[in-house]
Number of protein chains: 2
Amino acid sequence: MRKPEADPEIEARRYGPIPDKIDPAIEALVDDIIGKVADKWTMLILEALHENGTLRYTELRRKVEGISQKMLTQTVRRMEEDGLVRRTVHPIIPPHVDYTLTPLGDSLSKAFCGVWIWAETHYDEIQQARQAFAAARSGEVHS
Amino acid sequence: MRKPEADPEIEARRYGPIPDKIDPAIEALVDDIIGKVADKWTMLILEALHENGTLRYTELRRKVEGISQKMLTQTVRRMEEDGLVRRTVHPIIPPHVDYTLTPLGDSLSKAFCGVWIWAETHYDEIQQARQAFAAARSGEVHS
DNA sequence: CCGGATCCGCAGGGATACTG
DNA sequence: CAGTATCCCTGCGGATCCGG
């Protein structure tokens with residue numbers, strides 16, 4: 001399911017020049033958004049929901065390996081606040097809450113697609129770089 | 001300079017099906033890389049170097065607004081270790097150290113390009129979503 | 001002087017226990 | 001089941017010091 005679907009809106013701008021950010025207020029805003037969005041857990045949750053469509057709390061927790069309940073709740077709430085995720089509570093017992101991407105969240109997950117592809121394509125180069133770095137370190141002359 | 005240059009390698013795979021990650025070891029590796037790369041400072045440094053080509057420590061510090069010296073050094077060192085950045089020390093007085101992206105780092109910055117475009121395109125929608133969320137909160141019946 | 005290492009105070013994240 | 005509350009500890013930011 002992790003297919004690199006192209007977001008038409010992004011594709012449309014992909015080969016046109018992006019107006020270089022001039023307005024510092026806009027720049028700060030964009031940087032702020034990057035700050036919230038360029039987060040490990042945000043990205044992994046985004047991916048999990050993009051792959052699975054709709055997930056319940058516990059399902060999401062299982063898909064996003066290693067996340068704590070606190071960070072799952074916290075991150076998903078901020079994503080809801082930012083309009084990336086829709087949270088639906090079914091008032092039954094036992095409780096049933098499911099999460100799904102909004103169109104906005106879906107567009108972001110598509111924007112991140114290139115990064116996933118990059119990671120899948122280049123992870124071996126990173127490992128090589130780390131080994132080379134470690135080798136250089138140990139080979140250094142310690143004055 | 002923030003142009004959405006297309007990475008040929010990514011573009012080539014963009015419309016083909018990505019082999020769904022099956023090997024859990026690879027998956028863990030990719031998630032690990034995402035964990036390091038999906039970081040606010042990493043992304044902002046990547047962007048600064050992509051825009052400017054080569055920067056000295058202090059220049060980089062000025063381009064990446066709000067970063068502390070500690071996080072700048074720390075992040076840039078990890079990026080060097082992962083092969084994203086090349087760090088060149090000129091042994092002169094006063095010291096002169098400059099940073100530039102490796103081809104690997106450059107390819108990552110291109111992969112992140114879609115996210116920048118997304119942020120620039122949708123930041124107003126996020127703000128609206130936040131206001132709507134706040135309005136819904138204040139309009140709630142508090143039990 | 002530049003680049004960065006070090007120390008410290010505090011916020012943020014992890015693990016666990018508890019509740020509607 | 002889906003969180004909240006609590007404790008604890010890592011990790012970040014800010015200030016200061018240092019080597020070249």
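Because only heavy atoms are used, hydrogens play no part in the values below, and waters and symmetry mates are left out as well, while side chains stay in. Chain naming here is simple, since letters A, B, ... match the order of the sequence lines and numbering starts at 1 in each.
- Rounded to whole Å, atom P of D:dT4 lies 14 Å from atom CE of A:M71.
- The phosphate of D:dA2 has OP1 or OP2 within less than 4.0 Å of a side-chain N or O from A:T58.
- Rounded to whole Å, atom C1' of D:dC12 lies 15 Å from atom CG of A:D39.
- The distance between atom CZ of A:R78 and atom C1' of C:dG13, rounded to the nearest whole Å, is 13 Å.
- For D:dA2, one of the phosphate oxygens OP1 or OP2 lies less than 4.0 angstrom from a side-chain nitrogen or oxygen of A:R56.
- For the pair B:R62 and B:L55, the minimum side-chain heavy-atom distance is 4.5 Å or more.
- Formation of a donor-acceptor pair under 3.5 Å by the B:H90 side chain with backbone atoms of B:H96 is found in this model.
- For the pair A:Q74 and C:dG13, the criterion of a side-chain N or O lying under 4.0 Å from OP1 or OP2 is met.
- Under the 4.5 Å side-chain heavy-atom criterion for ILVMFWY residues, no single connected hydrophobic cluster contains both A:F133 and B:V89.
- Across all strands, A:P94 comes closer than 4.0 Å only to sugar-phosphate atoms, never to a base (heavy-atom distances).
- Close to D:dT4, at under 4.0 Å from its OP1 or OP2, lies no side-chain N or O of A:Y57.
- Regarding A:Q69, its CD atom lies at a distance of 11 Å from the P atom of D:dT4, rounded to whole Å.
- The distance from atom CD1 of A:I92 to atom C1' of C:dG20 is 14 Å, rounded to the nearest whole Å.
- In this entry the distance linking CG of A:L72 with C1' of D:dA5 reads 17 Å, nearest Å.
- Computed from coordinates, the B:R62 CZ to C:dC2 C1' distance equals 12 Å when rounded to whole Å.
- Of the possible polar contacts, none joining the B:D82 side chain to the B:L84 backbone as a donor-acceptor pair under 3.5 Å is found.
- Among all heavy-atom pairs drawn from A:Y57 and A:Q69, the shortest one is OH-O, 3.4 Å.
- In this structure, the CZ atom of B:R61 is 11 Å from the C1' atom of C:dG3, given to the nearest Å.
- Of the side-chain N and O atoms in A:W41, one or more sit less than 4.0 angstrom from OP1 or OP2 of C:dG14.
- Regarding contacts with the backbone of C:dG3, every side-chain N or O of B:R77 stays at 4.0 angstrom or more from both OP1 and OP2.
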